[in-house]
Amino acid sequence: MDRTNRHTRRNFIKLSALTTGVFSIGKFSAFASPKAEKPIVVSTWRNPDANAAAWKVLQAKGYALDAVEQGAHVPEANPKDTSVGYGGLPDREGLVTLDASIMDEKSNCGSVAFVQGYKHPISIARAVMEKTPHVMLVGKGAQQFAAAQGFKKGNLLTKESEKAWKEWLKKSEYKPYHNPGQHDTIGILALDANGKLCGACTTSGMAFKMHGRVGDSPIIGAGLYVDGEVGAATATGVGEEMIRIAGSHTIVELMRHGRSPQEACEEAIKRLISKRGEEKAKELSVAFLALSVTGEVGAYSTNNVFEYTQTTQREQVVIKSDSYFK
Ligand code: ASP
C-alpha cells in the first residue's frame with residue numbers, strides 16, 4: 001500500500017467563519033501543513049457545536065479546562081447524539097451507563113465510569129479531580145458523589161434509543177462497529193491563550209455492551225492523556241483496543257521523545273494493528289487525535305471513517321483523518 005504524502009493531503013470541510021459566528025458549510029480540499037496555532041481546540045468526529053462552545057471560552061482568554069468541559073457538555077446534552085450522554089445507546093439491559101475523564105495542564109485528572117442517571121459525567125469527573133483525594137469513582141459511588149455535589153438526576157434513555165435497543169434485542173448480536181454518520185463520542189483537547197493544555201473525553205460507550213463494561217474513555221492514559229509540557233491525546237472507537245496499548249499515554253510519550261503529533265498517532269495505530277493482526281484490525285474502528293503544547297495537531301485511524309473538528313482564530317473545519325486501511 002503506497003502511503004506517500006499521506007501526512008499532507010487532507011480533505012477539509014469549512015464550517016464557519018468565526019468572526020461572523022455564522023455556520024456555512026462548503027467543501028474544499030487543501031494541502032495542510034501541521035501549522036502550530038494558539039489558542040486552538042480539536043475534537044473527535046464532527047462536533048462543530050462542541051468546538052464553538054469551547055471556542056467561546058478560549059476566545060475570551062479563558063482557561064482550557066473550562067473550554068473542554070463546556071465543549072463536552074454539548075453532545076452530552078444532545079438527545080440526538082447516540083454515543084454520549086443523554087440519548088446514548090444503552091447496554092444489553094437497556095441501561096445507559098456513562099464514562100468520562102478530564103485532565104489539566106499539570107496532569108491532575110478526574111474520571112467517572114459506569115455512571116447512570118446523570119447527564120454531565122464530565123462535570124462529575126471534574127469534581128472528582130478538584131474536590132476529592134481520588135482520581136476515579138465508579139457506579140454507585142460516583143452517583144452518590146454526584147448527588148452530594150448537587151448534580152441533577154434524570155432519565156437518559158430516549159424513546160429512539162429504547163427503540164434501537166429493542167430492535168437490537170431481536171438478534172442480540174454484539175458488533176463493536178461504529179456508524180461514523182451518527183458518531184459523536186467526544187475527545188476534546190484545547191490549548192488556551194496562556195499556553196495551558198487540557199483535555200476531556202465523554203461517552204456512553206459501545207452500544208449494547210455488557211452491563212458493567214467500561215471502555216477507554218475514563219481510563220487515564222487510554223482514552224485521554226495530557227502532559228502540559230508536551231502534549232495531549234485522546235481516542236475514540238473500540239475502547240478495548242486503546243486500553244491494550246495505553247494509547248493516549250503512548251502518544252504523548254512518543255511526542256516527548258520527539259515525534260510530531262501525527263507521527264505519534266500513526267505509531268500508536270500501527271502498534272495496535274501489529275498486536276491484533278491486519279485481518280482482525282480491519283474490522284475495528286479506532287482513532288487517535290493529538291495536540292502538542294505548541295498547537296500542532298495529528299490524527300490517524302485504523303479505517304477510513306474518522307474525522308475531527310478543529311477551531312482556531314482563522315476558521316472552524318472538519319478534517320478527514322488519514323488512516324492505515326484506505
Ligand atoms: N471509546 C468508546 C468506548 O469504547 C466508544 C467510542 O469512542 O465511541 O467506550
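One-based numbering along the sequence shown. Atoms within a ligand are numbered from 1 in the order they appear, just like the ligands themselves.
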Trainee: So, applying side-chain hydrogen bond (donor to acceptor under 3.5 Å, both in side chains) with Arg126, which one of Asn108, Asp66, Asp104 is it?
Mentor: Asp66

Trainee: For ligand 1, which atoms have a heavy atom of Gly205 less than 4.0 angstrom away?
Mentor: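 So the atoms of ligand 1 that pass are 9 (O).
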
Trainee: Can you tell me which portion of Arg213 lies within the under-4.0 Å heavy-atom range of ligand 1? Options are side chain, backbone, both, or neither.
Mentor: side chain

Trainee: Taking N or O atoms only and a 3.5 Å limit, does Gly239 qualify as a polar contact for ligand 1?
Mentor: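 Yes, since at least one N or O of Gly239 sits under 3.5 Å from an N or O of ligand 1.
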
Trainee: Does this structure show an ion pair linking Glu162 with Lys166, if we count only N-O contacts that are shorter than 4.0 Å?
Mentor: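 Salt bridge: yes.
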
Trainee: About how many Å separate OG of Ser323 and CD of Glu266, when rounded to the nearest 0.5 Å?
Mentor: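 One finds 10.0 Å between CD of Glu266 and OG of Ser323.
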
Trainee: Under the side-chain contact (heavy atoms from CB on, under 4.5 Å) rule, collect the residues that match up with Pro90, sequence neighbours excluded.
Mentor: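 In terms of side-chain contact (heavy atoms from CB on, under 4.5 Å), with neighbours along the sequence ignored, Pro90 is linked to Val96, Leu157, Ser161, Trp165, Phe208.
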
Trainee: Which bit of Ser217 gets closer than 4.0 Å to ligand 1, counting heavy atoms only: side chain, backbone, both or neither?
Mentor: side chain

Trainee: Are Phe114 and His211 an aromatic pair, judged by ring center distance below 6.0 Å?
Mentor: yes

Trainee: Take Glu69 and Tyr63 through the side chain to side chain donor-acceptor pair (under 3.5 Å) test and state the conclusion after the steps.
Mentor: CA-CA 10 Å; Glu69 185 185 16; Tyr63 183 22; over 6 Å; no

Trainee: Can you list the ligand 1 atoms lying under 4.0 Å from a non-hydrogen atom of Thr185?
Mentor: 6 (C), 7 (O), 8 (O)

Trainee: Closer than 4.0 Å to some heavy atom of Gly237 - which atoms of ligand 1 meet that?
Mentor: 1 (N), 2 (C), 3 (C), 4 (O), 5 (C), 6 (C), 7 (O)

Trainee: I'd like to check which ligand 1 atoms, numbered from 1 as shown, lie under 4.0 Å from a non-hydrogen atom of Met206.
Mentor: 4 (O), 5 (C), 9 (O)

Trainee: Going by atom type alone, with no hydrogens or angles, which donor-acceptor pairs under 3.5 Å involve a side-chain atom of residues 187-198 and a protein atom two or more places apart or on another chain?
Mentor:
{"residue": "Asp192", "atom": "OD1", "partner": "Asn194", "partner atom": "N", "Å": "2.9"}
{"residue": "Asp192", "atom": "OD1", "partner": "Gly195", "partner atom": "N", "Å": "3.1"}
{"residue": "Asp192", "atom": "OD1", "partner": "Lys196", "partner atom": "N", "Å": "2.9"}
{"residue": "Asp192", "atom": "OD2", "partner": "Ala64", "partner atom": "N", "Å": "2.9"}

Trainee: Which ligand 1 atoms are under 4.0 Å away from a heavy-atom of Asp216?
Mentor: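 It comes down to these atoms of ligand 1: 1 (N), 2 (C), 3 (C), 4 (O).
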
Trainee: Thr236 to ligand 1: N or O pair under 3.5 Å?
Mentor: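 Between Thr236 and ligand 1, an N or O pair is found under 3.5 Å apart.
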
